K.L.:
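One structure follows; several queries about it will come next.
All figures in this text were calculated on a predicted structure; none of them were measured in a lab.
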There are 4 protein chains.
Amino acid sequence: MNGSKVTSTIKDEQLIERRRNQMIKGAVTLFKEKGFHRTTTREIAKASGFSIGTLYEYIRTKEDVLFLVCDSIYEKVKARMEAAFSNENASLDHLVQAVRAYYLLMDEMQDEVVIMYQEMKSLSKEAQEYVMQKEKAMVTMLEQLLEDSIPHRLKQRDISLIANNIFIQGQMWGFRRWMLQKEFTIASYTERQVAFLLAGLGLGDGLRAAGC
Amino acid sequence: MNGSKVTSTIKDEQLIERRRNQMIKGAVTLFKEKGFHRTTTREIAKASGFSIGTLYEYIRTKEDVLFLVCDSIYEKVKARMEAAFSNENASLDHLVQAVRAYYLLMDEMQDEVVIMYQEMKSLSKEAQEYVMQKEKAMVTMLEQLLEDSIPHRLKQRDISLIANNIFIQGQMWGFRRWMLQKEFTIASYTERQVAFLLAGLGLGDGLRAAGC
Amino acid sequence: MNGSKVTSTIKDEQLIERRRNQMIKGAVTLFKEKGFHRTTTREIAKASGFSIGTLYEYIRTKEDVLFLVCDSIYEKVKARMEAAFSNENASLDHLVQAVRAYYLLMDEMQDEVVIMYQEMKSLSKEAQEYVMQKEKAMVTMLEQLLEDSIPHRLKQRDISLIANNIFIQGQMWGFRRWMLQKEFTIASYTERQVAFLLAGLGLGDGLRAAGC
Amino acid sequence: MNGSKVTSTIKDEQLIERRRNQMIKGAVTLFKEKGFHRTTTREIAKASGFSIGTLYEYIRTKEDVLFLVCDSIYEKVKARMEAAFSNENASLDHLVQAVRAYYLLMDEMQDEVVIMYQEMKSLSKEAQEYVMQKEKAMVTMLEQLLEDSIPHRLKQRDISLIANNIFIQGQMWGFRRWMLQKEFTIASYTERQVAFLLAGLGLGDGLRAAGC
DNA sequence: CATGAATGAGCCTTCATTCAT
DNA sequence: GATGAATGAAGGCTCATTCAT
């Protein structure tokens with residue numbers, strides 16, 4: 001149901017899907033490079049492989065492109081998280097595996113995350129709301145994961161806080177790459193964050209012993 | 001030394017200082033509201049209390065305004081952090097006080113933080129570099145604080161990681177307010193983050209006991 | 001002979017006739033509402049009940065639609081006037097009846113008249129000429145009517161003038177409805193115009209006596 | 001108070017006045033030639049003698065230009081009518097003189113009248129209302145003239161009707177020039193209309209005697 | 001015959017920047 | 001030093017028209 005909120009003059013639904021994927025792909029590249037505002041609709045059309053007229057058959061506004069991009073990013077992240085979090089056997093080990101998978105995913109999607117952070121405010125209030133819901137849903141997934149995997153009980157608020165921390169620490173790996181990626185690889189970053197998380201939960205061996 | 005990298009046609013240095021402060025104040029309000037790109041130079045001039053012609057006597061480019069704004073934000077944050085971190089008597093308690101002060105500061109400067117996150121990429125590569133240096137310096141202050149205040153030794157990397165975590169958790173309080181500020185007040189957010197930090201360092205009472 | 005000057009790729013003459021009638025009907029509605037320039041070809045196609053591709057099988061240019069519309073309006077008005085003016089027994093009474101019928105017709109075709117007044121200039125010079133001929137023919141019909149029905153002789157010029165006056169007074173009923181239709185009904189408007197006409201011709205009872 | 005409803009970024013009121021007059025002059029020429037819709041803002045700017053940027057300092061919308069044009073036409077016509085109708089000594093003779101002056105005026109302003117007839121519908125509902133008020137005021141002036149100048153009493157409705165007739169007969173001289181101006185000069189047109197008017201009022205010598 | 005996706009010229013409008021006063 | 005009118009490049013978007021299916 002990708003981008004079902006964006007109207008199109010085209011009738012063929014499959015074509016819409018295909019063209020919009022072209023569009024998103026082209027736009028992501030451009031947004032990464034120059035940001036939403038510095039990218040022109042003509043550039044988007046060109047990068048998507050069609051004319052400006054055709055572009056506007058599939059969207060109504062330049063902002064629609066941004067929405068489509070954001071939506072597709074979330075959709076992708078969500079799908080991957082769901083796959084990684086499927087908790088047949090909820091255990092501490094599963095928690096660690098899932099968090100690792102999440103950090104790995106954030107490593108893969110660095111550019112997309114940067115786009116989200118910088119351009120979301122260019123969406124309409126309504127679209128922002130929509131996108132925030134999706135982000136909220138992802139944090140909730142992390143909360144669920146924690147709840148299911150930790151032996152002792154935590155206050156809801158603490159679960160919520162920790163889920164948030166994990167979530168943004170993952171995003172920051174990409175957003176603050178200029179700082180973090182000088183000192184860490186994604187592997188070592190993941191490793192230490194997990195160790196610190198477990199320590200915080202009173203479950204790990206503590207930071208001192210956790211030799212890298 | 002506010003914005004010494006930005007050229008002006010005016011000779012009187014004090015006047016420059018005064019005018020630029022007007023400018024920054026006006027611009028921050030506008031950037032908060034509509035972002036850098038959607039704000040026009042005319043609006044900035046008006047909000048600053050002088051004409052568009054005068055505006056351009058004190059800057060060379062619209063981007064200069066953004067730089068001035070970013071620079072002033074960092075200057076302000078840095079000054080406040082320095083005041084709060086002054087470590088005559090480094091102790092665990094001092095660490096806790098300092099971190100609390102930092103979170104409080106981030107609460108005060110929410111809007112400014114949001115501007116930084118969203119508009120930094122609109123600066124020139126050079127200006128971005130400059131601003132990143134300042135951010136790096138702040139993280140370093142946190143690292144120093146940790147190093148000085150924690151009884152046992154931590155690996156440099158872990159210090160760096162934890163400093164980063166604290167730093168961004170503070171920024172996220174403002175940036176993700178739509179999510180966090182529904183569940184927490186700045187007091188409770190600070191409280192739990194500190195508790196979790198200490199637990200992670202193997203120093204607190206753990207999360208279970210730390211009743212809110 | 002509807003629109004015989006407009007080319008079509010279709011062979012079947014009857015189909016052309018049918019499709020064009022659909023087109024005219026749809027277009028008139030739209031032109032009334034938003035004028036020729038603000039109406040798109042897509043809208044015309046939709047209102048006509050077929051696709052944009054099909055539309056262009058029956059016309060060559062958007063302007064063709066306007067021409068078809070104008071032509072059909074004149075055809076219709078002309079037919080109705082001919083019916084009303086058929087002068088087996090030319091008499092003053094017949095004149096009055098015919099003029100009344102004309103005003104009634106103009107009342108019915110208000111919207112169409114407005115379209116003619118406002119959009120005719122969007123036709124090509126050539127098409128304008130064609131349409132003006134038709135309008136001229138109608139005025140001539142009125143002239144003939146006057147000539148046949150008035151007992152005494154009038155100078156040709158006066159006949160021409162009076163025919164013109166009647167003609168435009170009819171059109172104005174629709175075109176200036178916002179003014180006239182606040183004060184008059186079509187019945188009272190007709191009534192007074194006829195009285196005034198007869199008075200001008202030295203045939204009526206004068207305006208004073210002609211109680212409404 | 002010309003065009004006081006149209007906003008401008010320029011502060012100097014006199015400059016606004018001057019520039020707008022340039023604009024109106026340029027626009028009238030273009031609208032005459034190609035109509036409002038087929039005229040581009042760039043053409044208007046060029047014909048006005050300034051750049052497109054400057055044009056938009058004095059208006060907000062292309063439609064504003066049309067409004068300014070319409071308003072100025074009415075203003076001009078109104079002023080001239082007021083001058084011609086000043087009724088120190090209301091008499092039949094004065095009526096005839098005034099009507100003659102009106103027809104002469106309409107002859108002078110043919111192109112402007114055509115513009116009004118064809119483009120008024122392109123104005124916003126609000127602006128149309130405004131412009132219609134002005135037109136109504138002019139008809140009222142004619143009514144007043146009739147009332148003051150005719151010896152015997154006429155019903156209000158008849159006055160209104162006759163005023164309207166005179167008004168549109170004047171406008172039609174320009175709008176239907178392709179027809180009328182083949183048979184008449186403005187002098188002869190005026191002559192016969194006046195004769196017919198007087199006859200209708202039961203005041204002239206009738207049409208038969210009124211040799212041309 | 002009918003359809004509708006594709007095209008791109010062209011339009012209106014904005015806004016950073018300059019410079020004469 | 002301050003002002004604000006002038007500039008024009010550039011951007012978002014529309015829509016008449018075509019043509020392969």
K.L.:
Side chains of D:Glu57 and D:Thr54: any donor to acceptor distance under 3.5 Å?
P.N.:
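Side chains of D:Thr54 and D:Glu57: no pair found under 3.5 Å.
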K.L.:
Nearest-Å distance, CD1 (D:Ile52) to C1' (E:dT13)?
P.N.:
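To the nearest whole Å, that distance equals 8 Å.
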K.L.:
Counting only Watson-Crick or G-U wobble pairs whose two distances fall under 3.5 Å, which nucleotide matches E:dT21?
P.N.:
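When the pairing criteria are applied, F:dA2 turns out to be the nucleotide that pairs with E:dT21.
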K.L.:
Look at all strands and tell whether D:Thr39 reaches a base, only sugar-phosphate, or nothing, counting heavy atoms closer than 4.0 Å.
P.N.:
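If one applies the 4.0 Å heavy-atom cut-off, D:Thr39 turns out to touch the sugar-phosphate alone, with no base involved.
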K.L.:
Is atom NZ of A:Lys46 surrounded by more than 12 heavy atoms (other residues, nucleotides or ligands) closer than 6.0 Å?
P.N.:
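Open: at most 12 neighbouring heavy atoms sit under 6.0 Å from NZ of A:Lys46.
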K.L.:
So how far is it from D:Thr39 OG1 to D:Glu33 CD, rounded to the nearest 0.5 Å?
P.N.:
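Separation between the atoms: 8.0 Å.
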K.L.:
Specify the separation, in whole Å, of atom CG of A:Leu15 and atom P of F:dT21.
P.N.:
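One finds 14 Å between P of F:dT21 and CG of A:Leu15, rounded.
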K.L.:
Taking all non-hydrogen atoms of both residues, which atom of A:Lys5 and which atom of A:Glu126 are closest, and how far apart?
P.N.:
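Looks like NZ-OE2, 4.3 Å.
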K.L.:
Rounding to an integer number of Å, can you tell me how far C:Leu66 CG sits from F:dA16 C1'?
P.N.:
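Nearest whole value for this atom pair: 15 Å.
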K.L.:
When you measure from the side-chain N and O atoms of C:Arg19 to the phosphate of E:dA2, is any distance below 4.0 Å, counting only OP1 and OP2?
P.N.:
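So the side chain of C:Arg19 is within the cut-off, an N or O lying under 4.0 Å from OP1 or OP2 of E:dA2.
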K.L.:
How is D:Thr9 classified with respect to the nucleic acid when contacts are heavy atoms under 4.0 Å: base, sugar-phosphate, or nothing?
P.N.:
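D:Thr9: backbone/sugar contact only, no base atoms under 4.0 Å.
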K.L.:
Mind listing the closest non-hydrogen atom pair of D:Glu63 and D:Ser124 along with its distance?
P.N.:
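Result for this residue pair: OE2-N, 3.1 Å.
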K.L.:
Under 4.0 Å between a side-chain N/O of C:Thr41 and OP1 or OP2 of F:dA16, yes or no?
P.N.:
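Yes, such a contact exists.
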K.L.:
May I have the distance from A:Arg38 (atom CZ) to F:dA10 (atom P), rounded to whole angstrom?
P.N.:
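It is 14 Å, rounded to the nearest whole Å.
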K.L.:
Against C:Tyr117, only a single residue in C:Ile115, C:Val113, C:Val114 fulfils side chain to side chain contact (heavy atoms under 4.5 Å, CB included); can you say which?
P.N.:
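Single side chain to side chain contact (heavy atoms under 4.5 Å, CB included) partner of C:Tyr117 among C:Ile115, C:Val113, C:Val114: C:Val113.
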K.L.:
Of the residues in residues 25-32 of chain B, which ones touch DNA chain F at a heavy-atom distance under 4.0 Å?
P.N.:
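DNA chain F contact set from residues 25-32 of chain B: none.
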K.L.:
Nearest whole angstrom, please: distance from the P of F:dG4 to the CD of D:Glu13.
P.N.:
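After rounding, the reported distance stands at 14 Å.
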K.L.:
What is the distance, rounded to the nearest whole Å, between atom CD of A:Glu43 and atom C1' of F:dG12?
P.N.:
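To the nearest whole Å, that distance equals 13 Å.
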K.L.:
Between E:dA6 atom P and A:Lys46 atom NZ, what is the distance in whole Å?
P.N.:
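Going from A:Lys46 (NZ) to E:dA6 (P), I get 19 Å.
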K.L.:
A:Ile44 CD1 to E:dG8 P: how many Å, rounded?
P.N.:
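Taking CD1 of A:Ile44 and P of E:dG8, I get 18 Å after rounding.
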K.L.:
Which ones in residues 54-63 of chain C lie close to DNA chain E, meaning a heavy atom under 4.0 Å from one of its atoms?
P.N.:
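Within residues 54-63 of chain C, the residues near DNA chain E are C:Thr54, C:Glu57, C:Tyr58.
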K.L.:
Are any non-hydrogen side-chain atoms of A:Arg60 and A:Val6 less than 4.5 angstrom apart?
P.N.:
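No, side chains not in contact.
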K.L.:
Find out whether C:Leu55 and C:Ile44 are in side-chain contact, i.e. whether some heavy atom of one side chain is under 4.5 Å from a heavy atom of the other.
P.N.:
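SC-SC contact between C:Leu55 and C:Ile44 confirmed.
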K.L.:
Looking for any heavy atom pair under 4.0 Å, which part of the strands does C:Ser51 touch: base, sugar-phosphate only, or nothing?
P.N.:
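Touches a base.
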K.L.:
Taking all atoms of both residues into account, what is the closest heavy-atom pair of C:Arg20 and C:Leu68, and its distance?
P.N.:
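Closest pair (atom of C:Arg20, atom of C:Leu68, distance): CD-CD2, 3.7 Å.
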K.L.:
DNA chain E: A:Asp12 or B:His37, which has the more 5' nearest nucleotide?
P.N.:
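Result of the comparison: A:Asp12.
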K.L.:
Looking at F:dG11, does its base get a donor-acceptor pair with the side chain of A:Arg42 below 3.5 Å?
P.N.:
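Under the 3.5 Å cut-off, the side chain and the base do not form any donor-acceptor pair.
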K.L.:
Across all strands, who's sitting opposite F:dC13 as a Watson-Crick or G-U wobble pair, both distances under 3.5 Å?
P.N.:
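The base-pairing partner of F:dC13, which may sit in any strand shown, is E:dG10.
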K.L.:
Okay, side chain of C:Glu119, backbone of C:Phe36: is any donor-acceptor separation there less than 3.5 Å?
P.N.:
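Confirmed, C:Glu119 side chain pairs with C:Phe36 backbone.
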K.L.:
Take A:Gly49 and C:Phe50, find for each the nucleotide of DNA chain E with the closest heavy atom, and name the residue whose nucleotide sits nearer the 5' end.
P.N.:
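Looking at DNA chain E, the more 5' nearest nucleotide goes with C:Phe50.
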